[in-house]
Amino acid sequence: MNDKLALPVGTTLDRFIMRKQEDFPFASGELSQLLRDIALAAKIVNREINRAGLLDISGAFGQQNVQGEEQQKLDVIANIRFIRALRNGGEVCTIISEEEEDLIQTGNKKGRYIVAMDPLDGSSNIDVNVSIGTIFSIYRRCSEVGTDGTMEDCLQAGTQQIAAGYVVYGSSTMLVYTTGNGVNGFTYEPSLGEFFLSHPNIKTPQTGNIYSCNEGGSNSFPEGIKNYINYCKENNYSGRYIGSLVADFHRNLLKGGIYIYPPTAKAPNGKLRLLYEANSLAFIVEQAGGKATNGTQRIMEIEPTELHQRCPLIIGSTEMVDKVEGFLRAEVPVS
Ligand SMILES: O=P(O)(O)OC[C@H]1O[C@](O)(COP(=O)(O)O)[C@@H](O)[C@@H]1O
Ligand SMILES: [Mg+2]
Ligand SMILES: [Mg+2]
């Protein structure tokens, strides 16, 4: 990170993006515009979320998505809002969304970017006023400009991400992202309609004492994961599980901790999606000094073969992730 360009807390996102543009080798303003388009959609979705209880936008939408999950109305609304903002912005040729089976061609054939997104993360928490989020990854297309994006453009490994981030709609709304030059967090000020730099250059602690895992499925966890959970309990770690990946990840990023969604009988490949959940957060955590693995392989080195493929996710403070990998290698208790 170029410290002479360290911007003060309170800098608007717009100004931050502009000043940081020269950090990016292809600095042509297109990525900056794309980040602004995402921030705009986040502001609109934030407004919908805040009013969900008042408007008829809570509850199920009445159809299932490609994952076989019951779509919530806000899943669909967030999906529409982000697609519209990216289409109107003109920088994105193709979108991969959790809520759509196939590629979404925006018609912006001159667009140089691909966006993979989870428009609304933590859907099970929408109607109960618990923090939810949006997750996104940005890739540069490898196909020729002037055509629609291809499947090859969309199945790039996480190491090819040029930017990634998330929005957490919680007690405050924050946008956290990286372009490969560190991680910065911005807090939304609704009365001014602006995101302001509130968490510059986020670094996650090397270790912590918080573990996040849905132990409800632990009977079918791999032995190594069971042993790690026991290790956490023997060492009086705190169990914290919101059930919204973005919110659990964000807490652990700031305080130190680990989030684990292993393979289970119900989800033999884990539950979370590689392209628009695991890869995005893996880029963020690595840029913040942490680590992300599927238990044996660095998440960002997994070569995608399907748009909506799932993978086990173990992500957070480096020493804690290393410990889990040790337990998995040993599959016997490691003191
Ligand atoms: O209910 P479970 O099995 O613990 O799963 C919760 C996980 O599933 C998710 O809700 C999946 O994301 P979506 O809500 O975007 O489908 C994560 O946010 C969360 O961490
Ligand atoms: Mg999700
Ligand atoms: Mg979702």
Side-chain angles (χ1 to χ4, degrees), residues 41-42 45 48-49 52 58-61 63-83 95-101 104 115-137 164-170 176 210-221 225 229 239-253 257-282 284-285 292 294 299 307-316:
V45 169
E48 312 279 16
I49 290 170
S58 49
F61 182 66
Q63 70 185 43
Q64 294 197 339
N65 63 17
V66 62
Q67 335 273 340
E69 292 159 351
E70 182 75 41
Q71 283 183 316
Q72 303 299 304
K73 287 180 186 161
L74 265 169
D75 283 322
V76 176
I77 290 168
N79 188 45
I80 292 168
R81 293 293 189 189
F82 275 93
I83 291 172
I95 301 168
I96 307 132
S97 168
E98 179 195 1
E99 301 308 328
E100 309 237 1
E101 179 158 6
I104 303 153
V115 169
M117 66 178 189
D118 177 356
L120 210 283
D121 177 66
S123 306
S124 63
N125 282 325
I126 291 174
D127 291 345
V128 290
N129 213 354
V130 171
S131 298
I132 50 183
T134 293
I135 311 174
F136 63 90
S137 280
Y166 60 86
V167 184
V168 55
Y169 310 100
V176 176
I210 294 172
Y211 70 99
S212 310
C213 180
N214 182 347
E215 292 187 66
S218 60
N219 285 345
S220 64
F221 283 179
I225 300 290
I229 304 281
R240 292 277 184 279
Y241 191 69
I242 297 168
S244 295
L245 168 63
V246 163
D248 282 310
F249 174 82
H250 184 69
R251 180 207 43 248
N252 295 350
L253 183 74
I258 189 167
Y259 173 98
I260 302 173
Y261 208 110
T264 64
K266 205 170 133 204
N269 296 318
K271 177 179 182 180
L272 301 164
R273 281 53 57 121
L274 176 63
L275 286 188
Y276 43 78
E277 291 172 318
N279 266 336
S280 322
L281 301 182
I284 295 262
V285 87
N294 66 359
I299 291 285
L307 295 178
H308 303 286
Q309 72 185 74
R310 300 174 190 262
C311 64
L313 182 61
I314 298 157
I315 187 167

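Each ligand, and each atom within it, is numbered from 1 in the order the structure gives. Predicted, not measured: the structure shown is a model, and the values here were computed from it.
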Worksheet item: Heavy atom of V246 under 4.0 Å from ligand 1?
Response: no
Item to complete: For ligand 1, indicate whether the residue L245 contacts it via side chain, backbone, both or neither (heavy-atom separation under 4.0 Å).
Response: both
Worksheet item: Do any nitrogen or oxygen atoms of N214 come within less than 3.5 Å of a nitrogen or oxygen of ligand 1?
Response: yes
Practice prompt. Looking only at protein heavy atoms, identify the closest one to atom 16 (O) of ligand 1 and say how far it is in Å.
Written response: E98 OE2, 2.8 Å
Discussion item. Would Y276 and H308 count as a side chain to side chain contact (heavy atoms under 4.5 Å, CB included) here? Give the steps.
Written reply: CA-CA 8 Å; Y276 43 78; H308 303 286; 2.7 Å; yes
Worksheet item: Just by modelled atom types, is the R240 backbone N or O under 3.5 Å from a matching donor or acceptor in the S212 side chain?
Response: yes
Practice prompt. Start with the C-alpha distance between E215 and I229, add both sets of side-chain angles, then the distance that settles side chain to side chain contact (heavy atoms under 4.5 Å, CB included), and finish with yes or no.
Written response: CA-CA 9 Å; E215 292 187 66; I229 304 281; 3.4 Å; yes
Worksheet item: Would you say D121's side chain and G133's backbone share a donor-acceptor pair under 3.5 angstrom?
Response: no
Discussion item. Suppose we measure from atom 20 (O) of ligand 1 to each protein heavy atom; which comes out shortest, and what is that distance?
Written reply: Y259 OH, 2.9 Å
Worksheet item: Between the main-chain N or O of L313 and the side-chain N or O of N294, is there a donor-acceptor pair closer than 3.5 Å?
Response: no
Item to complete: Under 4.0 Å from a heavy atom of L120: give me the atoms of ligand 1 that qualify, with their elements.
Response: 15 (O)
Worksheet entry | Per atom 14 (O) of ligand 1, closest listed option by heavy atom (G243, A247, G122) | G122
Discussion item. Suppose I only count heavy atoms of D118 and a 4.0 Å limit; which atoms of ligand 1 are within that range?
Written reply: 15 (O)
Practice prompt. Report the part of S123 (side chain from C-beta onward, or backbone N, CA, C, O) that has a heavy atom under 4.0 Å from ligand 1; answer both or neither where that applies.
Written response: both
Worksheet, complete the sentence: closest protein heavy atom to atom 3 (O) of ligand 1 is Y261 OH, 2.6 Å
Fill in: Qualifying residue for side chain to side chain donor-acceptor pair (under 3.5 Å) with Q67, from E98, E101, R273, E99
R273
Discussion item. With side-chain contact (heavy atoms from CB on, under 4.5 Å) as the test, pick out the partner of V76 among L74, I80, N79.
Written reply: I80
Item to complete: Give the total of protein N/O/S atoms at a distance below 2.8 Å from the Mg ion (ligand 3).
Response: 3
Discussion item. For atom 5 (O) of ligand 1, tell me which residue out of K271, E277, K266 has the closest non-hydrogen atom.
Written reply: K271
Worksheet entry | Numbered atoms of ligand 1 (with element) below 4.0 Å of S244, judged on heavy atoms | 18 (O), 20 (O)
Fill in: Backbone of F221 reached by a side-chain donor or acceptor of S218 within 3.5 Å
no
Worksheet item: Which residue owns the protein heavy atom closest to atom 4 (O) of ligand 1, what's the atom, and how far is it?
Response: Y241 OH, 2.6 Å
Practice prompt. With the Mg ion (ligand 2) as the reference point, give the N/O/S atom of E277 that is nearest.
Written response: OE2
Worksheet item: Can you name the one residue among I135, L253, N279 that meets side-chain contact (heavy atoms from CB on, under 4.5 Å) with I284?
Response: L253
Discussion item. For D121, which part has a heavy atom under 4.0 Å from ligand 1: side chain, backbone, both, or neither?
Written reply: both
Practice prompt. May I ask you to decide if K271's main-chain N or O and R310's side chain share a donor-acceptor pair within less than 3.5 Å?
Written response: yes
Discussion item. Would you say the rings of Y166 and F249 are close, in the sense that their centroids are separated by under 6.0 Å?
Written reply: yes
Worksheet item: Just by modelled atom types, is the G243 backbone N or O under 3.5 Å from a matching donor or acceptor in the D248 side chain?
Response: yes
Item to complete: Output, in order, the C-alpha distance, side-chain angles, deciding distance and verdict of side chain to side chain contact (heavy atoms under 4.5 Å, CB included) for Y211 and I260.
Response: CA-CA 8 Å; Y211 70 99; I260 302 173; 5.6 Å; no
Worksheet entry | From I83, N65, I95, L307, residue fulfilling side-chain contact (heavy atoms from CB on, under 4.5 Å) relative to E100 | I83
Response to the item:
A student checking ligand 1 against E69 at a 4.0 Å heavy-atom cut-off should list atoms 16 (O)
Item to complete: Considering heavy atoms of the protein only, find what lies nearest to atom 11 (C) of ligand 1 and give residue, atom and distance to 0.1 Å.
Response: R273 NH2, 3.5 Å
